[in-house]
Undergrad: 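This is the structure I have questions about; it appears just below.
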Number of protein chains: 2
Amino acid sequence: MDAANVTTRADRKRIADLLETHGIHPTAQRSRIAEVLFAREQHLTAEQVILLLGKDGIRVSKATVYNTLNLFAGKGLLKALSIDRERSMFDSNTQPHHHFHIEGTGELIDVPPGAIEFARLPALPPGTEPVGVEVVIRVRRRS
Amino acid sequence: MDAANVTTRADRKRIADLLETHGIHPTAQRSRIAEVLFAREQHLTAEQVILLLGKDGIRVSKATVYNTLNLFAGKGLLKALSIDRERSMFDSNTQPHHHFHIEGTGELIDVPPGAIEFARLPALPPGTEPVGVEVVIRVRRRS
DNA sequence: TTCCTTGCAAAACTTTTGCATTAAA
DNA sequence: TTTAATGCAAAAGTTTTGCAAGGAA
């Protein structure tokens with residue numbers, strides 16, 4: 001096993017606490033999924049989560065992975081992104097931030113905090129209230 | 001038929017010209033789809049295009065609608081948007097512009113031109129070149 | 001004829017759901 | 001023992017594709 005993926009007992013405790021403080025009962029599967037997600041700040045599809053679990057020799061059903069990702073997103077532990085038409089991504093960084101989107105591969109890269117500032121923003125449509133502002137800077141790899 | 005949807009001979013000519021200047025052979029189906037799309041600036045799903053055609057008594061197969069929308073988008077006549085996780089939208093306004101996204105309904109509203117300005121933008125990731133910047137202002141209807 | 005386009009049905013995906021089984025409090 | 005979570009398979013939704021048929025040049 002890759003040393004980078006070793007999970008210590010302390011890590012497990014921290015993961016369980018994280019789930020519980022968000023009102024999520026830390027079952028085995030949920031904890032394994034959380035370990036993969038929160039190992040670092042990253043953007044993952046459900047499929048990638050299943051693959052990463054597989055690399056650690058853990059099998060969780062597709063239904064449970066989807067249910068868990070949606071549960072985590074609903075509890076504010078994850079942010080669901082709609083940036084790429086062909087894949088739904090889950091962002092383990094829930095702080096408000098923006099993204100570079102690489103055309104073709106669909107890869108996402110975080111824009112560093114504070115690197116985008118607005119000089120001007122529009123009034124909201126009547127009868128609406130703000131939820132958030134998301135900037136996607138679309139780029140392509142230089143050939 | 002709704003007078004707003006009447007297509008004059010002059011309109012048809014304009015549509016045919018539009019397609020041809022973009023290297024698209026203006027077949028009957030493609031022209032009918034273009035008439036619906038370019039009647040106004042709007043954001044439509046493939047399904048909505050089929051419904052609008054149906055209101056005018058025109059039936060085009062789902063496969064052809066998808067193929068045509070992708071063809072138009074590839075030729076720069078339409079812009080495919082990835083803003084809402086549950087539906088792919090096509091924007092008949094290809095000018096660079098930003099959107100309000102209404103949570104729940106998925107409705108999109110254009111941000112008026114010039115209403116967003118940046119005071120600061122980040123350097124691009126090494127080895128990449130810019131494609132565009134898209135801002136989505138997520139809002140919800142006030143209850 | 002020859003080339004393109006269309007439409008249908010089927011396939012390919014992604015995501016959700018129903019339900020029986022299992023695990024946990 | 002009672003509730004909640006899991007996994008499987010099936011369903012549902014969207015988009016793409018293979019292929020036969022149709023239409024235009």
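Fair warning: this is a prediction, and the values are worked out from it, not measured in the lab. Just the heavy atoms: all of them, side chains too, but no hydrogens, waters or symmetry mates, feed the values below. A note on names: the letters A, B, ... follow the listed sequences, proteins ahead of strands, and every chain is numbered from 1.
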Undergrad: For C/dT6, take OP1 and OP2 only and decide whether either is under 4.0 Å from a side-chain N or O of B/Thr64.
TA: no
Undergrad: Please figure out whether A/Asn67 or B/Thr45 has its closest DNA chain D nucleotide nearer the 5' end.
TA: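 Taking each residue's closest nucleotide, the earlier one in sequence belongs to A/Asn67.
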Undergrad: Can you check the B/Ile58 CD1 to C/dT6 P distance for me, whole Å?
TA: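 About 13 Å, once rounded to whole Å.
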Undergrad: Considering all heavy atoms of both residues, which atom of B/Ser92 and which atom of B/Leu78 are nearest to each other, and what is their separation?
TA: CA-CD2, 3.8 Å
Undergrad: For a quick check under 3.5 Å, do A/His43 and A/Asp110 share a side-chain donor-acceptor pair by atom type?
TA: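 Present: a donor and an acceptor within the cut-off.
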Undergrad: When the distance from CD1 of B/Ile33 to P of C/dT5 is rounded to whole Å, what number comes out?
TA: 13 Å
Undergrad: Yes or no on side-chain contact (heavy atoms from CB on, under 4.5 Å) for B/Phe90 and B/Leu81, after CA distance, side-chain angles and deciding distance?
TA: CA-CA 6 Å; B/Phe90 293 88; B/Leu81 301 177; over 6 Å; no
Undergrad: With respect to the side chain of A/Thr27, which nucleotide from D/dA5, D/dC8, C/dC8 is positioned closest?
TA: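 Selected nucleotide (nearest to the side chain): D/dA5.
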Undergrad: When you measure from the side chain of A/Tyr66, which nucleotide among C/dT16, C/dT17, D/dT15 comes out closest?
TA: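 Nearest listed nucleotide: C/dT16.
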Undergrad: Could you tell me how the ring of A/His98 sits relative to the ring of A/Phe118: parallel (under 30°), tilted (30 to 60°) or perpendicular (over 60°)?
TA: perpendicular
Undergrad: Between P on D/dT14 and CG on B/Asn70, what's the gap in Å once rounded to a whole number?
TA: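 My rounded result for the distance is 15 Å.
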Undergrad: Could you give the CZ-to-P distance, from B/Arg59 to C/dT6, as a whole number of Å?
TA: 13 Å
Undergrad: Atom NZ of A/Lys62 and atom P of C/dT17: how far apart are they, to the nearest Å?
TA: 16 Å
Undergrad: State which of D/dG7, D/dT17, C/dT15 makes the closest approach to the side chain of A/Ser88.
TA: C/dT15
Undergrad: Please determine which of B/Glu134, B/His97, B/Gln95 meets the side-chain hydrogen bond (donor to acceptor under 3.5 Å, both in side chains) test together with B/Lys79.
TA: B/Glu134
Undergrad: Of the nucleotides C/dC8, C/dA24, D/dT16, which one has an atom closest to the side chain of A/His25?
TA: C/dA24
Undergrad: Specify the separation, in whole Å, of atom CZ of A/Arg87 and atom P of C/dT14.
TA: 10 Å
Undergrad: Rounding to an integer number of Å, can you tell me how far B/Glu47 CD sits from D/dA12 C1'?
TA: 13 Å
Undergrad: Identify whether any heavy atom of B/Arg30 sits under 4.0 Å from a base atom; if not, whether one sits that close to sugar-phosphate; answer base, sugar-phosphate or nothing.
TA: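 Sugar-phosphate: the residue B/Arg30, judged by heavy atoms under 4.0 Å, touches backbone atoms but no base.
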Undergrad: Closer than 4.0 Å, any side-chain N/O of A/Gln29 to the OP1 or OP2 of D/dG7?
TA: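 Yes, because at least one side-chain N or O of A/Gln29 sits under 4.0 Å from OP1 or OP2 of D/dG7.
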Undergrad: Rounded to whole Å, please give me the gap between CD in A/Gln48 and C1' in C/dC13.
TA: 15 Å
